[in-house]
K.L.:
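Let me begin by handing over the structure; questions about it come next.
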2 protein chains.
Amino acid sequence: MTYTTTEENYIKAIYHLEHVHDKVSTTLLSEEMNTRPATVTDMLKKLESKKILHYRKYKGFILTDQGNKTALNVVRKHRLWEFFLVNKLGFEWDEVHSMAEELEHISSNELTTRLDNFLGNPAFDPHGDPIPDNKGKIKILQQECLAAVTVKKSVTVSSVKNQSTEMLELLNHFKIGIGTKIKINKRFGFDGSMEIRIDKSPAMIISKLVALNVFCII
Amino acid sequence: MTYTTTEENYIKAIYHLEHVHDKVSTTLLSEEMNTRPATVTDMLKKLESKKILHYRKYKGFILTDQGNKTALNVVRKHRLWEFFLVNKLGFEWDEVHSMAEELEHISSNELTTRLDNFLGNPAFDPHGDPIPDNKGKIKILQQECLAAVTVKKSVTVSSVKNQSTEMLELLNHFKIGIGTKIKINKRFGFDGSMEIRIDKSPAMIISKLVALNVFCII
DNA sequence: TTAAATTTTTAGATTTGTCTAAACTTTTAA
DNA sequence: TTAAAAGTTTAGACAAATCTAAAAATTTAA
Ligand SMILES: [Mn+2]
Ligand SMILES: [Mn+2]
Ligand SMILES: [Mn+2]
Ligand SMILES: [Mn+2]
């Protein structure tokens with residue numbers, strides 16, 4: 001089975017939303033896809049007929065195994081291309097998303113396999129998100145939210161939740177990236193901000209919102 | 001200006017045909033695009049309105065400067081990606097065309113520039129075709145058709161005209177590729193076939209049709 | 001428990017790229 | 001030089017992905 005670029009984008013969006021919300025609604029999906037709910041309803045019928053999801057009018061929808069498999073393949077390509085763009089072409093992590101959004105639809109499986117090998121079969125993309133292997137298997141790390149880490153502990157940044165350009169730009173400014181080692185000096189009760197230190201550089205303050213979006217390995 | 005994948009494919013097809021035929025007809029273009037002439041007429045009107053070509057009903061059409069520039073950019077991306085697939089991912093030269101047909105539509109100019117640099121700014125693709133630089137400039141080689149080369153001369157293969165899988169497969173079998181040095185032993189008047197030799201390997205016979213499709217530097 | 005609010009679906013259009021069949025223009029050749 | 005052949009365009013239709021407006025179903029809350 002092959003799917004259009006649009007279908008693949010819907011499948012991937014449903015996959016992502018299913019991992020954040022326990023029930024994905026038509027409206028939620030329409031917001032994610034920047035379309036109208038009516039458009040989503042049409043697409044749901046189409047994807048149902050292609051056995052990508054189970055759908056019952058007014059009752060909701062959920063990806064089938066086939067749907068999940070397809071989503072994982074698109075996610076795999078997206079993250080492999082992001083890795084390529086950052087590690088081979090020298091792009092910054094905040095520049096690659098829209099390019100990967102196009103590259104993820106290149107169809108050749110052989111190309112994906114060879115790209116994977118060329119990159120050294122990476123397990124994580126530049127944002128710390130796991131790259132599914134060719135069977136759809138994902139490495140799951142035991143991570144903790146930086147906002148919840150005990151004071152005085154040292155941790156290693158492993159992923160970023162909010163991946164907006166603004167957030168990544170801010171982390172760039174702080175010189176925080178995947179793999180950065182952080183020591184938590186103090187947490188301020190007033191606004192939940194934290195004083196942290198990277199190596200020997202001077203201590204700095206990050207807001208609670210930033211801390212909530214950074215995940216670490218302890 | 002940005003163009004759809006379909007529009008880009010038409011623009012590129014017109015560009016290629018203009019370099020082989022002194023007048024491109026609606027029917028010829030429809031054959032190249034595997035569509036009906038009526039479909040081409042519709043697209044011509046659309047591309048005319050986008051200033052990609054000059055068009056006069058029943059009288060023909062020709063790319064504008066803007067059309068040529070756009071075509072060269074698509075050709076550039078196509079050939080850079082082919083180079084990448086062969087020289088970085090290890091594909092054979094007869095495997096890359098359809099993948100490049102998709103990759104050539106990835107829009108980011110910054111990506112194209114960085115890919116070009118990553119590949120070492122190659123001037124020719126795996127089939128010996130010139131890769132336009134970022135200004136659309138092409139290196140033109142002084143080439144001669146193998147079928148026309150004087151007997152006893154030694155030449156270097158520089159490009160292949162017919163790039164069908166069948167042709168490339170045949171050349172693979174003969175171990176003839178871009179850069180291969182060939183000595184012409186004899187040309188047979190009966191069928192125009194030629195006896196050639198590569199390095200110290202035993203002499204072999206290639207048909208006139210093969211020779212007509214191989215171009216060399218003398 | 002039922003009426004109001006919210007969500008979802010249906011109905012009917014629109015745009016893009018395609019088709020077939022028919023009409024129109026140009027070219028060819030008798 | 002003109003009639004037939006060939007090439008091109010027009011007219012009308014369709015599938016995909018989208019929209020708006022209205023109808024229907026579900027959820028919420030008085
Ligand atoms: Mn995408
Ligand atoms: Mn990512
Ligand atoms: Mn293409
Ligand atoms: Mn090529």
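Side-chain atoms are counted along with the backbone in the values below, which use heavy atoms only and exclude waters and symmetry mates. In the text below, chain A, chain B and the rest are named by the order of the sequence lines, each starting its count at 1.
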K.L.:
Under a 4.0 Å N-O cut-off, is there an ion pair linking A/Arg76 with A/Asp116?
P.N.:
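Answer for the salt bridge query: yes.
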
K.L.:
Measure from CG on B/Leu29 to P on D/dT9 and round the result to the nearest Å.
P.N.:
11 Å

K.L.:
Given atom OH of A/Tyr58 and atom C1' of D/dT27, what is their separation to the nearest angstrom?
P.N.:
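So the OH-C1' distance, A/Tyr58 to D/dT27, works out to 13 Å.
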
K.L.:
Please enumerate all residues that pass ring-ring contact (aromatic ring centres under 6.0 Å, His included) together with B/His19, with sequence neighbours excluded.
P.N.:
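Listed in chain order: B/Tyr15.
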
K.L.:
With the side chain of B/Met43 defined as its heavy atoms from C-beta on, choose the nearest nucleotide among C/dT18, D/dT9, C/dT20.
P.N.:
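Ranking C/dT18, D/dT9, C/dT20 by closest atom to the B/Met43 side chain puts C/dT18 first.
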
K.L.:
CG of B/Asp42 versus P of C/dC19: gap in Å, rounded?
P.N.:
10 Å

K.L.:
When the distance from NZ of A/Lys57 to P of D/dA23 is rounded to whole Å, what number comes out?
P.N.:
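From A/Lys57 NZ to D/dA23 P: 16 Å.
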
K.L.:
In whole angstrom, give the distance that lies between atom CZ of B/Arg56 and atom C1' of D/dG7.
P.N.:
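Rounding to the nearest Å, CZ of B/Arg56 and C1' of D/dG7 are 16 Å apart.
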
K.L.:
Would you mind classifying the nucleic acid contact of A/Tyr55 as base, sugar-phosphate or nothing, using non-hydrogen atoms under 4.0 angstrom?
P.N.:
sugar-phosphate

K.L.:
Could you check which residues of residues 3-27 of chain A get a heavy atom under 4.0 Å from DNA chain D? Sort them by number, please.
P.N.:
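Those residues are A/Thr4, A/Thr6, A/Tyr10.
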
K.L.:
With a non-hydrogen cut-off below 4.0 angstrom, is A/Thr35 in contact with a base, only sugar-phosphate, or nothing?
P.N.:
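Since only primed, P, OP1 and OP2 atoms lie under 4.0 Å of A/Thr35, the category is sugar-phosphate.
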
K.L.:
Do any N or O atoms from the side chain of B/Glu102 and from the backbone of A/Ser107 form a donor-acceptor pair under 3.5 angstrom?
P.N.:
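Present.
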
K.L.:
Nearest whole Å is fine: how far is C/dT7 C1' from A/Leu28 CG?
P.N.:
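The answer, rounded to whole Å, is 12 Å.
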
K.L.:
Would you call B/Lys12 and B/Glu8 a salt bridge, taking side-chain N to carboxylate O under 4.0 Å as the test?
P.N.:
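No salt bridge links B/Lys12 with B/Glu8.
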
K.L.:
Under the side-chain hydrogen bond (donor to acceptor under 3.5 Å, both in side chains) test, which residues partner B/Gln143, sequence neighbours left out?
P.N.:
B/Ser158, B/Ser159

K.L.:
Which whole-number value in Å describes the distance from B/Glu31 CD to D/dG7 P?
P.N.:
9 Å

K.L.:
Between D/dA16 atom C1' and A/Lys45 atom NZ, what is the distance in whole Å?
P.N.:
14 Å

K.L.:
At their closest point, which heavy atom of A/Ile184 faces which heavy atom of A/Val149, and how far apart are they?
P.N.:
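For A/Ile184 versus A/Val149, the nearest heavy atoms are CD1-CG1, 3.5 Å.
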
K.L.:
When all nucleic acid strands are considered with a 4.0 Å heavy-atom cut-off, which category describes A/Thr39: base, sugar-phosphate, or nothing?
P.N.:
base

K.L.:
Measuring from the side chain of A/Ala38 (C-beta onward, heavy atoms only), which nucleotide among D/dT20, D/dT26, C/dC19 has the closest atom?
P.N.:
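For A/Ala38, the side-chain atoms sit closest to D/dT20.
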
K.L.:
Can the ring centres of B/Phe118 and B/Phe83 be said to be less than 6.0 Å apart?
P.N.:
no

K.L.:
Among D/dT10, C/dT20, C/dT9, find the nucleotide with the atom closest to the side chain of B/Arg36.
P.N.:
C/dT20

